[in-house]
Each structure stands twice: as C-alpha cells, then as structure tokens.
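For reference, the structure discussed in these notes is given below.
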2 protein chains.
Amino acid sequence: MKIPFAASEPNQPHCDDCAVRPLGICAALDRGELRELDHLGRHVHFTSHETVFAQEELTTSFYNLLEGVMRLYKLLPDGRRQIVGFALPGDFLGIAISARNNFSADAVGAVAVCRFSRTAFMQFIADKPHLLRRINELVIRELGQAQDHMVLLGRRSAEEKVASFLIGWRVRLARLGDATNTLPLPMGRQDIADFLGLTIETVSRTFTKLERDGVIEIVPGGVRLVDLERVEVLAAA
Amino acid sequence: MKIPFAASEPNQPHCDDCAVRPLGICAALDRGELRELDHLGRHVHFTSHETVFAQEELTTSFYNLLEGVMRLYKLLPDGRRQIVGFALPGDFLGIAISARNNFSADAVGAVAVCRFSRTAFMQFIADKPHLLRRINELVIRELGQAQDHMVLLGRRSAEEKVASFLIGWRVRLARLGDATNTLPLPMGRQDIADFLGLTIETVSRTFTKLERDGVIEIVPGGVRLVDLERVEVLAAA
DNA sequence: CGTAAAATTGATATTTCTCAATGAGAGTGG
DNA sequence: CCACTCTCATTGAGAAATATCAATTTTACG
C-alpha cells in the first residue's frame, strides 16, 4: 500500500549538514543567508508515483530536491505526455515557474525534498542581487538544456535519442559523484519514451539493438555502457 | 547584391521614442535608467539572411530586436537544423545566453536591432534587483515556451504542429498590435519545417490540406485563417 | 509461489521522409 | 516588355522509420 500523504519530518535538519548544500541555489548563499533559510525550508518525503505538484495549479511552494528522482511533464488533453526533464538531487523546482505551474512533477521512486513557501522564498531573494543573478544563471542553464532537447526531439532518430539520453544521464550522475559506466535508470521505459518523444516499444527495441550491437548491456535497474565511445558517437554531439 | 556588413546608424535615436520601448526589458526601466541605457545601445541594421550571431561564438553583445524577424537555431554537425524560436520586435536576445551563444541567429528579411556591449549591459543590471527580477521573468517565460515547444515536437502530429504554429504566431503578432486573421509569414517553408521538426514537403502538404479543408487560405507572403475556431481545435490546446 | 506490472518481441499499419519532377514568382539583362 | 534563370513551393510515388496492436516473457512484489 502507498502512503497517501507526504510525511513531514519530525526533527528538522539543518542546511549545514544538507547533502545538496554545495549544489544549486544553496551554493550561492553565505553563512547568514543559510541560517535564514534554515527557518524557511521543511523536509518532506514522497513515495514512488506521488505527485509533488501539478500543471496549472497555483504555485505555493518551491522545492529543493534532496534525494531521489522526479519526472517533470506536461500532459495534452487527450493524455499524451511529454516529459520535459528529470530532476536530480540539487535541482531546484519552482524558480522556473510563474504563478501557476508549467508542468507537473512526480516522484520516480522515493523522494525527499526541502520545501519552501513561495511567498517566503520570494521575499527572501527579493533584494539579494547576487542570489537573483545566481537564480538567473540556473534558469538560463535550464533554458539551454531545453533548447538542446528541442534539437533532440525535432531532429534526431530513435537511436540517436536513446544514445543522447544515456550520455546526458551519465553526465548528470557524474556531477553528483556517481562516475561509473553502469547507469542506474530508476525511471521506466515509458518515462524514457515520453522524454524522447518515442513509444515504449521503440525505446525497448532500441535498447535491445544497442545491446545486440555490443554498445550497451541491459542490467537490472539500469544499463552498462560497454562501449562508451560508440554511445557518444551515436549521440552525435 | 547584398550589403556585406551591418550598417551602424549615423544619428543615434533615443530610447524615449523607441518603438519597442514598452516591450521586453525596457518596460521595466525608470526615467533615469532609460537615459543611462541611451548611451549603451547602438542601432544596427541587418539585411535578409545575415547572421547576427553564431552558436558557440563568445557572446560580446546583447540585442534588443526593434524591427523585423529573426530565426534562432541550432545546427547538428551533419547540417540538420532545429529552429528553437523566432524573435519579434521587443524580444531581447542575449539574456538567455551564457559566455558562449547557445544558438545562432539570423535575419529573416530586414532587421533592426539595438545592440549592447555584453559587459556594459551586465554592469548596468548588476545591482538593480528590479531589473534582475524582470529579466528573470522574461527568461522564465522563454523557458515555459521552450517546454511547450517540446510537447509539440515530441508528441504532436504534423497537422497539429502546423496549426499550433499558426495559432502561436497569431498570438505573438496580436501582442504587437497586428490583430488580424491574415498572418504574414515572413519565414520560408524550410524555416517552418525546421521549427516544427518536419520536412519542407510535409509542411507544404499540410498547408495544402488545411486549405483544401477550408481551414486556411494560402495567400502571397502568408496565410489567412478562414476558420480560426477550427485551427484552434486542431492545435488542441 | 502466484499475481500484476513492466518490458520485450513480432506482425502490420501509418506517418512522415526521401527522391524526383513540376510549377510559380522575383529579379535580371537583353 | 519579355525571355531567362534562380529560388522557393508544391505535388507525386515509393521507401523508411516509427507507431500500433497483440502476444509473450521477465521482473517485482506480496
């Protein structure tokens, strides 16, 4: 059975010993600001498949992802889904959002976040130019990734899409310290398909083909990049 | 013959009587800031197909588009192109760009821009929280559009893509005051194709089909939305 | 161990692309 | 003013990639 509601942590930890402290937003904060932030954030847990926030909803909170993976997606009225990104620890969700959410977000596996009230956080950053600049930087980086992804969606073949996905995922995990050629893929095939603009069958067939070609090996819960170089060539810069 | 180099205006106009003054960045500036900006910007003209800046180049300038249309695009090594957006008057190019350009930009027809030195502009905004917030807003809006476009590229049919494009283009022109059902399409079919992740032939066929169905009428230099409602249904919100 | 969900595989359908030809319009030089 | 040429758009026929539908197989989980 699933726990229906997100549980709030009883003993609130401090920013000082936060795992994602050197990542994302918090990296730009000085000692005093961190202390201030300590009072604004609350740790919240979500179980797999729980929705953290939904498209079109009024944005009441911002989230700093501490642990786990989230999928960020948009739905068409007829149910077609496009995943616009996967969030990893250190990613800050909400800055890139106006009064209403542009997309939905839910947990892929267990997730822990640091939640901030939107208004409180807005107030916190309002007159801190260095923080505003930092946030700007982060949003601009996201925009750049979005543009890269447009190229992938609009102009690449299924095989190139899958290869690019693996390379991109690897790079992101590497930045979190997990620098190995065996990639965990906590999201399902359908998620990958909806991220790459493909069907689940095409994703599955492409994985199989890459494995037959000796480029990757499909392992439980992920993939091993047998021939990294070749994956990179397929991803075609 | 084409004029090979962009011509710099001899008599520099003032922000006060700038056509795009109430749009984009400048809308957020007060009297004094505008006067300051007057000294930073230089008007520059480009002729059709001229490149304003190129992908990977070091970003030395920001541009406020005054007149005309620009296409913003990324190229794959093998020449495939994805247009990530079209810029219209009032759009500010550069904020969303880091040290190196994320994409190339060139003129679709004649273009006039107000050019700023990157360093001077950065200095200008550095300690103006209200301006930083405004820029944030604009980048976030762009990111939202990018995410919408991902849905289009990844999950929509050719017909839906074309219909969405027409609706989106109409909305943008309407914001500039041109609120009619006859849309000028200054960009060519290949540009539309590269924006929508289609081939030129598919775009052409889709236009023809929409015309046969009595939804649009293809006119020289553009398209008339005969049955706006139906276009909107096809665009499928 | 049994059941449900997820992934894979196969056969076929459909969409979109590719290649090739034709047609229309804009600008040029005679 | 009229051929001429060039580019761009359209159209057609066939090919290819990916989607769809259906059936297994595998994995995860109680």
Side-chain angles (χ1 to χ4, degrees), chain A residues 1-3 47-49 71 76 78-83 108-110 152-165 184-213 216-223 234 236, chain B residues 1-3 47-49 71 76 78-82 108-110 152-165 184-213 216-223 234:
Chain A
M1 207 200 85
K2 251 197 300 188
I3 299 169
T47 60
S48 196
H49 300 112
R71 61 176 160 248
L76 289 176
D78 64 359
R80 282 175 289 178
R81 182 178 71 157
Q82 176 66 46
I83 291 184
V108 175
L152 177 144
L153 290 170
R155 286 293 177 235
R156 305 188 109 139
S157 70
E159 197 173 44
E160 291 172 330
K161 284 177 175 180
V162 169
S164 298
F165 166 66
L185 295 176
M187 70 294 284
R189 294 289 189 267
Q190 186 64 61
D191 289 337
I192 298 175
D194 287 346
F195 183 55
L196 300 178
L198 298 170
T199 58
I200 183 174
E201 293 95 333
T202 300
V203 169
S204 185
R205 278 187 249 270
T206 306
F207 270 108
T208 306
K209 178 176 185 302
L210 291 175
E211 185 167 47
R212 265 202 318 268
D213 295 352
I216 67 171
E217 185 191 344
I218 299 167
V219 300
V223 128
L234 288 173
Chain B
M1 208 199 85
K2 250 197 301 187
I3 298 167
T47 61
S48 197
H49 300 113
R71 60 176 161 249
L76 289 176
D78 64 359
R80 282 175 290 178
R81 183 178 71 156
Q82 176 67 46
V108 175
L152 178 144
L153 290 170
R155 285 295 177 230
R156 304 188 109 142
S157 70
E159 196 173 43
E160 291 172 330
K161 285 177 175 182
V162 169
S164 298
F165 166 66
L185 295 176
M187 69 294 284
R189 293 288 190 269
Q190 186 64 63
D191 289 335
I192 298 176
D194 287 346
F195 183 55
L196 300 179
L198 297 170
T199 58
I200 184 173
E201 294 96 333
T202 300
V203 170
S204 186
R205 278 187 249 272
T206 306
F207 270 108
T208 305
K209 177 174 187 303
L210 291 177
E211 186 168 46
R212 264 203 318 270
D213 295 351
I216 67 171
E217 186 190 343
I218 299 167
V219 299
V223 128
L234 288 173

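Letters A, B, ... mirror the listed sequences (proteins, then strands); counts begin at 1. All values below come from the heavy atoms of this structure, side chains included, with hydrogens, waters and symmetry mates left out.
Contact check for A:Leu76 versus B:Arg156: side-chain heavy atoms found under the 4.5 Å cut-off. With contacts defined as side-chain heavy-atom distances shorter than 4.5 Å, the pair B:Leu185/B:Phe165 qualifies.
The separation between B:Asp194 atom CG and C:dT16 atom P is 16 Å, rounded to whole Å. Look at CD on B:Glu160: it is 14 Å from C1' on C:dT16, rounded to the nearest Å. For the pair B:His49 NE2 and C:dA26 C1', the computed distance is 13 Å after rounding to whole Å. In this entry the distance linking CE of A:Met187 with C1' of C:dA6 reads 15 Å, nearest Å. Between the CZ atom of B:Arg189 and the P atom of C:dC17 there is a distance of 16 Å, given to the nearest Å. If you take CD1 of A:Ile192 and C1' of C:dA6, they are 12 Å apart, rounded to a whole angstrom. Between the CD atom of B:Gln190 and the C1' atom of D:dT7 there is a distance of 13 Å, rounded to whole Å. Taking atom CD on A:Glu211 and atom C1' on C:dT9, their separation rounds to 14 Å, with Å as the unit.
Residue B:Ser204 has no polar side-chain atom (N or O) positioned under 4.0 Å from OP1 or OP2 of D:dT11.
Applying the salt bridge (Lys or Arg N to Asp or Glu O under 4.0 Å) test to B:Arg81 and every residue at least two apart in sequence or in another chain returns B:Asp191, B:Asp194.
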Under the criterion side-chain contact (heavy atoms from CB on, under 4.5 Å), I'd like the reasoning laid out for A:Ile83 against A:Met187: C-alpha separation, chi angles, the key distance, then a yes or no.
CA-CA 11 Å; A:Ile83 291 184; A:Met187 70 294 284; over 6 Å; no
Polar atoms only, N or O, under 3.5 Å: list the protein pairs with nucleotides 18-26 of chain D and their distances.
residue	atom	partner	partner atom	Å
D:dT18	OP1	A:Ala158	N	2.9
D:dA19	OP2	A:Thr199	N	3.2
D:dA19	OP2	A:Thr199	OG1	3.1
D:dA19	OP2	A:Thr202	OG1	2.6
D:dT20	O4	A:Arg205	NH2	2.7
D:dC21	N4	A:Glu201	OE2	2.9

Output a table of donor-acceptor pairs, distance under 3.5 Å, between side-chain atoms of residues 203-211 of chain B and any protein atom two or more places apart or on a different chain; print 'none' if there are none.
residue	atom	partner	partner atom	Å
B:Thr206	OG1	B:Thr202	O	2.6
B:Thr208	OG1	B:Ser204	O	2.9
B:Lys209	NZ	B:Glu159	OE2	2.9
B:Lys209	NZ	B:Asp213	OD2	2.9
B:Glu211	OE2	B:Ile218	N	2.9

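To the nearest 0.5 angstrom, A:Gln190 atom CD is 4.5 Å from A:Ile200 atom CD1.
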